[in-house]
**Student:** 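Dumping the structure here so I can ask a few things about it.
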Amino acid sequence: MLTLVAAVVTTAMKFTEGAWLIVLVLPALMVGMERIRNAYTKIGHSRGTAGALPAQPRPTGTAIIVPIAEVCELGREALSAAMSIGDDITAIHVCLPGESTAAFAKAWEAWHPEVRLVMLEDSDATVGGPVAAYVREHFAGRRKVVVIAEVDPPSGWERVLPSHRSDELERVLRKMTDTVVCHLRVQVS
């Protein structure tokens with residue numbers, strides 16, 4: 001009780017000299033920390049960490065989707081990784097405006113990786129939207145793994161360069177709760 005009285009007297013005397021900051025900041029910090037604790041408690045309850053055993057894990061039919069920009073070493077690495085994950089693999093190529101779909105189809109047939117290819121038309125030069133829409137429509141009710149291959153640059157300054165297509169694709173796919181996004185970083189020399 002005596003500490004409270006001392007705190008009130010000191011705050012009142014030093015209020016104009018900066019104690020007002022403590023009067024505002026301290027309650028705001030307390031409210032903020034309480035909200036964070038409540039958020040973590042809510043997350044903990046939704047995860048089922050209250051001591052009860054969860055149901056036994058069981059395999060589900062998993063569809064593996066591999067976006068392919070072109071027939072190249074990066075595509076080979078992505079498909080190899082997908083084949084090591086499972087058997088139900090679908091390669092998806094988004095045909096952007098001005099791109100020759102016939103040339104890509106011919107290169108794919110010559111390469112013949114024994115993976116089903118789906119070619120999607122897109123008019124607004126995005127990859128994420130068409131891939132996400134196809135995945136949502138054709139693989140509903142199944143677990144989905146999307147393998148996104150991207151180049152891992154060898155030197156420091158090149159790492160700063162953004163990978164817009166993979167970022168866009170991941171941003172759209174992360175909104176789908178039953179989809180696992182797997183980044184495959186391929187080293188180049």
Side-chain angles (χ1 to χ4, degrees), residues 1-67 69 78 81-82 85-86 92 94 120 122 124-153 155-187:
M1 180 70 178
L2 193 55
T3 304
L4 176 63
V5 170
V8 169
V9 168
T10 304
T11 303
M13 290 175 57
K14 302 287 185 177
F15 190 77
T16 59
E17 296 175 23
W20 63 270
L21 188 62
I22 299 300
V23 172
L24 294 177
V25 171
L26 195 58
L29 282 173
M30 291 174 58
V31 167
M33 286 187 259
E34 183 64 24
R35 290 186 72 185
I36 290 170
R37 186 178 67 79
N38 289 339
Y40 277 119
T41 302
K42 183 179 175 184
I43 290 169
H45 288 304
S46 69
R47 286 185 23 225
T49 57
L53 290 176
Q56 290 292 319
R58 57 180 169 66
T60 58
T62 302
I64 301 146
I65 298 98
V66 182
I85 295 172
I92 297 179
V94 178
L120 304 174
D122 187 49
D124 61 355
T126 63
V127 173
V131 171
Y134 183 84
V135 168
R136 198 176 8 254
E137 290 170 14
H138 292 85
F139 301 107
R142 297 176 64 190
R143 170 103 36 212
K144 296 165 269 300
V145 176
V146 180
V147 178
I148 302 173
E150 53 192 358
V151 174
D152 190 17
S155 65
W157 76 269
E158 292 168 334
R159 293 178 189 269
V160 179
L161 301 173
S163 173
H164 295 294
R165 296 263 189 242
S166 65
D167 293 342
E168 169 201 347
L169 189 55
E170 180 181 12
R171 192 173 40 256
V172 173
L173 291 170
R174 287 230 178 250
K175 295 177 184 174
M176 301 167 58
T177 58
D178 57 350
T179 302
V180 176
V181 178
C182 175
H183 281 274
L184 177 67
R185 309 236 355 138
V186 178
Q187 302 258 333

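In this chain, residues are counted from 1 in sequence order.
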**Student:** Examine distances only and state if a side-chain atom of Lys144 and a backbone atom of Phe139 form a donor-acceptor pair shorter than 3.5 Å.
**Tutor:**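 Flag set: sc Lys144 to bb Phe139 pair under 3.5 Å.
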**Student:** Listed by chain and number, what are the salt bridge (charged side-chain N to carboxylate O under 4.0 Å, His left out) partners of Glu137, not counting sequence neighbours?
**Tutor:**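 Listed in chain order: nothing, the list is empty.
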**Student:** Any idea which heavy atoms bring Val147 and Ala78 closest together, and the distance?
**Tutor:**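 That would be CG1-O, 4.0 Å.
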**Student:** Not counting sequence neighbours, which residues clear salt bridge (charged side-chain N to carboxylate O under 4.0 Å, His left out) with Arg58? List them please.
**Tutor:**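 Applying salt bridge (charged side-chain N to carboxylate O under 4.0 Å, His left out) to Arg58 gives none.
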**Student:** Please report the closest heavy-atom contact between Pro130 and Leu120, naming both atoms and the distance.
**Tutor:**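 For Pro130 versus Leu120, the nearest heavy atoms are O-CD1, 3.5 Å.
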**Student:** By salt bridge (charged side-chain N to carboxylate O under 4.0 Å, His left out), which residues pair with Arg136, not counting sequence neighbours?
**Tutor:**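 Salt bridge (charged side-chain N to carboxylate O under 4.0 Å, His left out) list for Arg136, sorted by chain: empty.
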**Student:** How long is the span from the CD1 atom in Ile64 to the CD1 atom in Ile85, to the nearest 0.5 Å?
**Tutor:**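 Taking CD1 in Ile64 and CD1 in Ile85, the distance rounds to 5.5 Å.
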**Student:** So which heavy atom on Val181 is nearest to which on Glu170, and how close?
**Tutor:**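 That would be CG1-CG, 4.0 Å.
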**Student:** Can you name the ring-ring contact (aromatic ring centres under 6.0 Å, His included) partners of His138, sequence neighbours left out?
**Tutor:**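 Here the qualifying residues are Tyr134.
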**Student:** Search all heavy atoms of Cys182 against all heavy atoms of Val145 and return the closest pair with its distance.
**Tutor:**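 Closest approach of Cys182 to Val145: CB-CG1, 4.4 Å.
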**Student:** Less than 3.5 Å apart, which donor and acceptor atoms pair up between the side chains of residues 33-41 and the rest of the protein, not counting sequence neighbours?
**Tutor:**
| unit_1 | atom_1 | unit_2 | atom_2 | d |
| --- | --- | --- | --- | --- |
| Glu34 | OE1 | Arg37 | NH2 | 3.4 |
| Glu34 | OE2 | Arg37 | NH2 | 2.5 |
| Asn38 | ND2 | Glu34 | O | 3.4 |
| Thr41 | OG1 | Arg37 | O | 2.9 |

**Student:** Can you list, pair by pair, the side-chain donor-acceptor contacts under 3.5 Å of residues 6-26, counting residues two or more places apart and other chains?
**Tutor:**
| unit_1 | atom_1 | unit_2 | atom_2 | d |
| --- | --- | --- | --- | --- |
| Thr10 | OG1 | Ala6 | O | 2.8 |
| Thr11 | OG1 | Ala7 | O | 2.7 |

